[in-house]
Amino acid sequence: MSSLHFYNSLTRQKETFKSLIPGRVGMYVCGPTVSGESHLGHARPFITFDIVYRYLRHLGYQVRYVRNITDAGHFEEEGRVSEDKIASKAALEKLEPMELVQKYTNLFHSAMREFNNIEPSIEPTATGHIVEQIVMIEKIIADGYAYVSNGSVYFDVEKYHKDFGAKGMQYGILSGRIIEDQLETTRDLDAQDEKRSKMDFALWKNAAPGHIMRWQSPWGVGYPGWHIECSAMSTKYLGDEFDIHGGGMDLQFPHHECEIAQSVVCNHKMPARYWLHNNMITINGRKMGKSYNNVIKLSELFAGTHEILTQGYSPMTVRFFILQTHYRGTLDFSNEALQAAEKGLRRIWEGFMQLNRLDIEGTVTITAGDADLEQKCFMLLNELDEDMNDDLNTAKVLAGLFELVPVINSIKDGHIKLTDLTTATLRLMKEKFNSYLVDIFGLRDEKKQDDQKLGAVLQLIADIRKDARSKKDYATSDKIRDQLLEAGIQLKDEKDGGFSWELV
RNA sequence: GGUCCUGUGGCCGAGUGGCUAGGCAGAGCUCUGCAAAAGCUUCUACAGCGGUUCGAAUCCGCUCGGGACCUCCA
């Protein structure tokens, strides 16, 4: 598998990735609803698609990455409480809705920075694209696939299904749902009378009195339905047809299904070629979500303030934790798993630092001193790209890197000589570690150890300690080491008589 | 009820039918004044029952368990 493959939810199989325009990729990812603080579950898609973004760029693509901010709010429960999520919270908190939106948007952005996610190329907001959404709805009505009912507009799913199903774009194409079954099994909800069919979904909702977020439209005062913003904004910034559409698995139906229907009516094309869905983060085997009351907010996660947390976990630990599993599998949260990730990250990062310190150009070796080891390393290094290309198997890439860590440490400790490997392989090792850990996985050192002054001070203290040790004054040397550790600085004696230190 | 996914060793997790990932934890050893780190060695697996096959964790069937979606949801 020498080229990039993605599992495409649309076709339910792995496919070779080929962009519509050579060298360029358009990617749309469903962003957050900023009606509340982001939680651990939200971290996954944004980290996952950050990896996709980084990897595509690493491969040389010029990517336009669009990720929306849903700030217009949606009804709590369709057909029942016609109330805007953001508006209801705003009433409770006595805040201007846009003030609330701003607050949570800022929090979201700061979390994204902590995770070291690269900002998208465009981050459009739903409220900033009301006009585009209205225009799109008008077109759907004009073409006969939507109808106005009591100031609201609904999409006519059955008509769409009948007409476009004949063209191979039936409703249910993405989620694998059979519309006929859906009609029989969909639960009866209250106040369905505005809709002609229970499958129909809202494009525009009539705003009830007291509903704070509202806009003037051809159908009266109201607000957009849940799905139209993504169709409007993806079309505007990426065109009628673009390469990748991403999001959480729970959005596959109905959100993405409806998005497809809307876009197909307007543009007569399947909007995206590759549909990528990340799986959920579970906690005790259950999806993390408001309805389950098991949400850990990111701020709680970092600080360790949630009751189920035994400690705080840093953004990089969380990022690494997410990378250690394949994005399409569920990932179960537990303190043990996070602690393991924390230690694993530390180990691989230390190995990476050691590797960077090796002077591999000192003696250039053409022939490996240890042919078996050379072959093993060379193989491991070449498998990395294969694994990454295989639907982004980050877990396997990390496993491969981990297998090389003992080799690096052994070189450092002198168990393996630099000349046991060819210089070409050592160079490749440096290159791959750097590419994957830094560029593609977006990991970074969270402990800023580049403080020159602190380093100088520690050098002095270490010299004093060394003197004490040489006089076998272990009481003093241990005191220095123990008290530094209490201050959060760990000294490590090296075999060559030197020392290293680490902030803990 | 409908659609789909899933069940791997103490924990987390990869896994293309044959070469039995990896991390964390545990045990032993080496190095060290001690410690930490590191290195080497090592113990626990493929839910159960059938079937296909020379051979199955991997394919098929059944049973049991877990989960997701069908309603806002990452």
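As a basis for the values below, the full set of heavy atoms in this structure was taken, side chains included, without hydrogen atoms, waters or symmetry mates. Computed from a prediction, not measured in an experiment: that's the story for all the values here.
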Identified pairing partner of [N], criterion: Watson-Crick or G-U wobble below 3.5 Å:
| N | result |
| --- | --- |
| B/G9 | none |
| B/C40 | B/G28 |
| B/C19 | none |
| B/U58 | none |

Side chain of [X], heavy atoms from C-beta onward: which of [options] has the nearest atom to it?
| X | options | answer |
| --- | --- | --- |
| A/Asp332 | B/C12, B/A68, B/A35 | B/C12 |
| A/Arg469 | B/G33, B/G13, B/C24 | B/G33 |
| A/Lys492 | B/A74, B/A36, B/G13 | B/A36 |
| A/Tyr474 | B/G22, B/G33, B/C69 | B/G33 |
| A/Glu336 | B/A14, B/G13, B/C11 | B/C11 |

Can you tell me if [X] touches the phosphate of [N], counting only side-chain N or O atoms and a distance under 4.0 Å to OP1 or OP2?
| X | N | result |
| --- | --- | --- |
| A/Arg347 | B/A38 | yes |
| A/Lys343 | B/A25 | yes |
| A/Arg177 | B/G2 | no |
| A/Asn393 | B/G15 | yes |

Can you tell me whether the side chain of [X] and the base of [N] have a donor-acceptor pair closer than 3.5 Å?
| X | N | answer |
| --- | --- | --- |
| A/Arg481 | B/A35 | yes |
| A/Asp478 | B/G33 | yes |
| A/Asp413 | B/C31 | no |

Quickly work out the [X] [atom1] to [N] [atom2] distance and round it to whole Å.
| X | N | atom1 | atom2 | result |
| --- | --- | --- | --- | --- |
| A/Lys396 | B/U8 | NZ | P | 19 Å |
| A/Ile51 | B/A74 | CD1 | P | 20 Å |
| A/Asp250 | B/A68 | CG | P | 11 Å |
| A/Lys287 | B/C4 | NZ | C1' | 14 Å |

Check [Y] with [X], please: is the shortest side-chain N to carboxylate O separation under 4.0 Å?
| X | Y | value |
| --- | --- | --- |
| A/Glu502 | A/Lys492 | yes |
| A/Asp50 | A/Arg54 | yes |
| A/Asp390 | A/Lys14 | yes |

Exercise. Do A/Ser175 and A/Glu257 have a side chain donor and acceptor closer than 3.5 Å?
Worked result: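 Per modelled atom types, A/Ser175 and A/Glu257 side chains form a pair under 3.5 Å.
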
**Prompt:** For the residue pair A/Phe201 and A/Phe155, does the interplanar ring angle fall in the parallel (under 30°), tilted (30 to 60°) or perpendicular (over 60°) class?
**Reply:**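 Because their plane-to-plane angle is under 30°, the rings of A/Phe201 and A/Phe155 count as parallel.
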
